[in-house]
Amino acid sequence: MPLPASRSLLAMLFACVSWLGMMPSTWAADAATISIACSGVGQELEFCKGAAEAWARKTGHALKIVTPPNDASERLALYQQLLSARSDKIDVLQVDVIWPGLLGGHLLDLRPYAKGAEAQHFPGFIANNTSQGRLVAMPWFANAGLLFYRSDLLQKYGQPLPSTWEELTVGARTIQDGERAAGNERMWGYVWQGRAYEGLSCNALEWVASHDGGAIVEADGRISIDNPRAALALQTAAAWVGSISPTAVLNYAEEESRGVFQAGNAVFMRNWPYAWALAQAEGSAIRGKVGVAVLPKAAGAGRHAATLGGESLAVSNYSRHPAAAADLVLYMTSAAVQKERALRGSFNPTITVLYQDPEILQANPFMGELFATFTSAIARPTTVTGARYNQVSHQFWNAAHDTLSGKATAEQALSRLDRSLQRVSRRGTWR
Ligand code: GLC
């Protein structure tokens with residue numbers, strides 16, 4: 001049953017619906033109209049729409065493109081409302097790597113439609129998308145948190161590519177000061193995602209893991225987040241706010257940070273791979289001046305940590321055209337479409353063999369150079385926390401946000417977080 005609060009989200013969704021009004025080139029007797037939810041981060045909408053239209057032309061089906069909110073947490077809330085209301089308004093959904101466990105019961109088993117195509121994808125991604133033995137989503141693109149840097153500015157100021165957070169802080173400060181003195185008042189050292197949403201959980205997990213502070217909740221269910229290494233990690237990040245990072249970073253998601261970096265106003269940025277193609281695009285102020293590396297780690301401890309992200313496509317159980325919707329998903333996630341998206345949009349493929357494709361590696365050198373970063377990226381604790389992951393993440397990003405905004409010390413925020421996670425988990429049992 002939809003909750004009263006769902007009205008605004010639903011209104012938002014329908015305000016965003018764009019009917020393509022496409023006349024299929026061939027009239028199939030069983031032509032259907034398939035609605036697909038494509039996110040609008042960076043070039044995502046353009047690519048999603050382009051491939052879906054190509055499928056519609058090929059099959060004679062019609063399309064309706066829906067753009068849900070860019071913010072992953074808002075998108076999840078919208079999907080949960082639609083799916084729990086058993087709405088048939090969306091046939092195909094873009095599903096975050098952390099959602100198959102949460103939404104799986106509402107999603108169609110794609111295995112009968114995939115006819116073995118799943119074997120081409122990273123086995124870990126397929127395992128992630130398997131909920132109670134059912135393949136509930138086909139992998140579409142992989143994500144890992146990366147450090148984007150201005151190679152021209154590091155060179156100009158004789159700064160090394162930072163390997164530790166301390167080095168990043170020094171480099172960011174030196175270049176920020178130098179560029180401001182030279183007339184760019186708007187220059188910042190480091191931009192990232194500090195808004196209270198899922199993206200902050202991704203950033204904060206990287207800080208914590210890179211300080212050897214654990215994975216929030218460990219694989220055995222133990223809540224580990226209230227520890228001095230995690231506190232140091234959050235404190236380190238809090239010290240950037242208002243110093244090398246603008247205070248506004250507390251409200252930045254992916255696109256806000258990219259906006260600052262791409263305008264030439266930041267030395268370093270944490271973001272997902274999609275930012276590469278845009279930074280290198282014709283007309284970009286920083287074209288040819290950007291490098292991509294692993295995120296730094298703590299000095300003397302920890303490891304270079306990237307949070308694993310990524311997106312899949314799924315078919316709603318409430319679709320009135322499951323076969324056509326599944327066909328669209330299989331087309332959109334195919335090797336040909338993934339290659340096109342990698343070449344022009346720097347979306348990391350989920351099909352293993354595409355990482356040996358010379359054209360893809362030439363367009364995106366980081367996909368080859370940082371291959372290990374993708375294969376060893378840290379998963380958020382979705383497996384162990386199951387249906388409660390979203391509550392865990394919500395509490396975690398709030399604790400991080402409270403520390404970043406100075407509402408609490410890292411120790412206070414983490415001790416409070418520990419207490420609330422104990423409640424959410426029924427003292428670490430989770431099930
Ligand atoms: C990207 C990632 C996703 C993550 C989200 C956070 O969309 O693919 O896994 O949850 O960013 O903002």
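Atoms within each ligand, like the ligands themselves, are counted from 1 in listed order.
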Establish, yes or no, whether the cationic atom of Arg195 lies under 6.0 Å from the six-membered ring centre of Tyr252 and within 45° of the ring axis. no
Ordered by chain then number, the protein residues lying under 4.0 Å from ligand 1 by heavy atom are Asp96, Val97, Asn143, Tyr197, Glu198, Gly199, Glu254, Trp272, Gly309, Gly310, Glu311, Arg380
Should the pair Glu340-Arg344 be classified as a salt bridge under the 4.0 Å nitrogen-to-oxygen rule? yes
Should Glu411 and Arg416 be marked as a salt bridge (charged side-chain N to carboxylate O under 4.0 Å, His left out) after you check the CA-CA gap, both sets of side-chain angles, and the distance that decides it? CA-CA 9 Å; Glu411 285 80 7; Arg416 217 178 296 152; over 6 Å; no
Going by ring pair (Phe, Tyr, Trp, His ring centres under 6.0 Å), Trp192 matches just one of Trp207, Trp165, Phe261, Trp272. Which one? Trp207
Checking Phe371 against Tyr355 for the ring-ring contact (aromatic ring centres under 6.0 Å, His included) test, could you report, in this order, the C-alpha distance in whole Å, the side-chain angles of both residues, the deciding distance, and whether it holds? CA-CA 8 Å; Phe371 186 66; Tyr355 285 84; 5.1 Å; yes
Hey, could you give me the OG/CG distance between Ser35 and Leu63, rounded to the nearest 0.5 Å? 9.0 Å
